[in-house]
Number of protein chains: 2
Amino acid sequence: MALLPRGPFLYAILDVDRLGERAPGPSAEALARGGAAIVQLRAKGVSDRRLYSLAEETRDGARRGGALFVVNDRPDVALMLGADGVHLGQDDLPPSAARRLLGPEVIVGFSTHSLDQLELSLRLPIDYVAVGPVYRTATKTDAEPVVGLDLVRRARALADRPLVAIGGIDRQRAPEVAAAGADGLAVIAALMDEPDLESAARAFVSGMRS
Amino acid sequence: MALLPRGPFLYAILDVDRLGERAPGPSAEALARGGAAIVQLRAKGVSDRRLYSLAEETRDGARRGGALFVVNDRPDVALMLGADGVHLGQDDLPPSAARRLLGPEVIVGFSTHSLDQLELSLRLPIDYVAVGPVYRTATKTDAEPVVGLDLVRRARALADRPLVAIGGIDRQRAPEVAAAGADGLAVIAALMDEPDLESAARAFVSGMRS
């Protein structure tokens, strides 16, 4: 399995819909310099050609800043661009097929939204399991029901691998999510909605560890 | 480069939106038994997980019937399922990146819609180049302007590799498209809209060669 950072760590999701006028490369670099251990590119609804160039820029920015780069949804893009990992949802390509394609060194992460999904996921060849949404979130309009800190605690008790919590996590809530057992805190809006991504990431990381 | 059939050949596109109640596996097999040399799966707007299972069924059906199996758009799905090829459009992942990922044996096809695009495509590591839409088509609502038989003839004069014509080709028009120099005739509606796919493919192939 691929090497993940030790928790608690910031898993920043660079959502193209929330970039506004900002370029993806410098934005990824800012998130990384602010302390994000992983930068994931999320770009829904763009053409694959556009996704490819966004991913290239995000990868280069994340690396300049010293973070790992993960592609959402797409094993082919991850492979083509030498990404550090791919994140898959329940409706994406099967994690076991992605693992065969990507080999043992590339991080494969997988989203779960219930105790049942979490338990099933622990039989899969994945490097980390994500649980959420922990809180109510405005990012995903088709979001699953809120699972709360309770599922994070239960997941921590069951999971034999790194746990990433996602969904509505902001600076104020970060300590209780880490205390519930999450290794990685995945954050979209609480970072992307700030004008200065590096400061936002730095403030988040410092709060998370306090 | 991967081996393509000798022309003229039928390149059947199994469009999931036009399957109705029919299952993809037996439908692909019927198209292949009717004489399609290639069966391509086209499944827009479904989840990747669904695409994966549709592709698995289509692959198995195409192989049972003796046809090559090509996946539209997605190099990862093609690799995961051991497909014979992938077909890429202008807005899909770059053909050169797909070639590096897929290696020399997997067919990579690429769509072009103008003489400029065709000329650029001949520098790419692709196994066949598609031109179209040759005629007006109801299949793609966002279709490019009709290029006509004229572009097929020009492409034939320029292209050093197999040429696939697409767009509004039916049984009646097939002979003139082949005469214009197309090796492969890509067909969606004229097959999928028929209740008996095997008979439709057989009638198409027999007309194409007459």
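Sequence lines set the chain letters: A, B, ... in the order given, protein chains first and strands last, and positions in each chain run from 1.
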* **CG on B/Leu93 to CG on A/Leu81, rounded to 0.5 Å** => 8.5 Å

* Looking at A/Pro75 and B/Met80, what are the two nearest heavy atoms and their distance? -> CG-CE, 3.9 Å

Below 3.5 angstrom, are there any donor-acceptor pairs between chain A and chain B, and if so, which atoms and how far apart?
| from | atom 1 | to | atom 2 | distance (Å) |
| --- | --- | --- | --- | --- |
| A/Asp48 | N | B/Asp91 | O | 3.3 |
| A/Arg49 | N | B/Asp91 | O | 2.8 |
| A/Arg49 | NE | B/Asp92 | O | 2.6 |
| A/Arg49 | NH2 | B/Gln90 | O | 3.4 |
| A/Asp76 | N | B/Asp76 | OD2 | 3.3 |
| A/Asp76 | OD2 | B/Asp76 | N | 3.3 |
| A/Gln90 | O | B/Arg49 | NH2 | 3.4 |
| A/Asp91 | O | B/Asp48 | N | 3.3 |
| A/Asp91 | O | B/Arg49 | N | 2.8 |
| A/Asp92 | O | B/Arg49 | NE | 2.7 |

* Asked: Where on A/Ala78 is there a heavy atom nearer than 4.5 Å to chain B: the side chain, the backbone, both, or neither?
  -> neither

